[in-house]
Amino acid sequence: MIRDSLLTLDHRVALLAEWMRRRVGYRGAALGAFATFDLVWAWSLIDPTAARPLKQAPTYHVVLALAPLWVWALGMAAIGVLLGVQAWMDDDRLAYAAAIGIKLIWATATVATWPVAHWQILRPTVIFLTLATLVSVCAAGLPVRE
């Protein structure tokens, strides 16, 4: 009896997973991954323990000159939620544009610290430019459905 219940549950989980795979597709899966990144980044901006290394970086002063960290975190979280919602939608252009835009803004903020940080900006700039490029490639090349 327990075995039959587990087999039935396993079958239902498999059906649900297959439906989600067909419904979300590759573009939605990519948006889900980018949404996770943006939400974790937003959390790291407001968490005192996680934000401590950022506050020591020269980039922090430029970012803080533009807006307080909680504003950046709110923006990143809003974009993360937008990505998560539009992962389930067929028209996801707004989500991809927002994801590219926020990553380019962060890359620009790191480059703006060149007079103070010099080569220390290389790592965060490359990370955010690579992410922006990856989002662009996913937006342009991934099919909506299989």
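Small disclaimer: the values here were computed from a predicted structure and weren't measured.
For residues 111-120, there are no salt bridge (Lys or Arg N to Asp or Glu O under 4.0 Å) pairs, not counting sequence neighbours. Screening residues 105-118 for salt bridge (Lys or Arg N to Asp or Glu O under 4.0 Å), with sequence neighbours left out, gives no hits. Pairs passing the side-chain hydrogen bond (donor to acceptor under 3.5 Å, both in side chains) check and including a residue from residues 123-137, sequence neighbours excluded, read Thr110-Thr125. Here salt bridge (Lys or Arg N to Asp or Glu O under 4.0 Å) pairs that include residues 95-118, with residues two or more places apart or in two chains, are Asp38-Lys103.
Atom CZ of Phe128 sits about 11.0 Å away from atom OG1 of Thr108, to the nearest 0.5 Å.
Val40 and Ile102 fall into different hydrophobic clusters, where Ile, Leu, Val, Met, Phe, Trp and Tyr side chains are chained together by heavy-atom contacts under 4.5 Å. Under the 4.5 Å side-chain heavy-atom criterion for ILVMFWY residues, no single connected hydrophobic cluster contains both Leu94 and Trp88.
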request  = Would you sort out whether Cys138 and Tyr26 count as a side chain to side chain contact (heavy atoms under 4.5 Å, CB included), showing the intermediate values?
outcome  = CA-CA 9 Å; Cys138 290; Tyr26 293 121; over 6 Å; no

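Taking all atoms of both residues into account, the shortest heavy-atom contact from Arg93 to Gln86 is N-OE1, 4.2 Å. Closest of all the heavy-atom pairs between Ala132 and Ile100 is O-CG1, 4.1 Å. Contact record, Met89 with Asp92: O-CB, 4.4 Å, taken as the closest heavy-atom pair. Contact detail for Gly84 and Ala35: the closest heavy-atom pair is N-CB, 3.7 Å.
Using a 30° and 60° split on the angle between ring planes, Trp106 and Trp41 fall in the perpendicular class, above 60°.
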Using residues 65-83 as the side-chain source, report each donor-acceptor pair under 3.5 Å to any protein atom, sequence neighbours left out, with the distance given to one decimal.
from	atom 1	to	atom 2	distance (Å)
Trp72	NE1	Val63	O	2.9
Trp72	NE1	Ala67	O	3.3

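Counting only heavy atoms from C-beta outward, the side chains of Leu131 and Phe37 approach each other to under 4.5 Å.
Arg27 places a side-chain N or O within donor-acceptor distance of the main-chain N or O of Ala139, the cut-off being under 3.5 Å.
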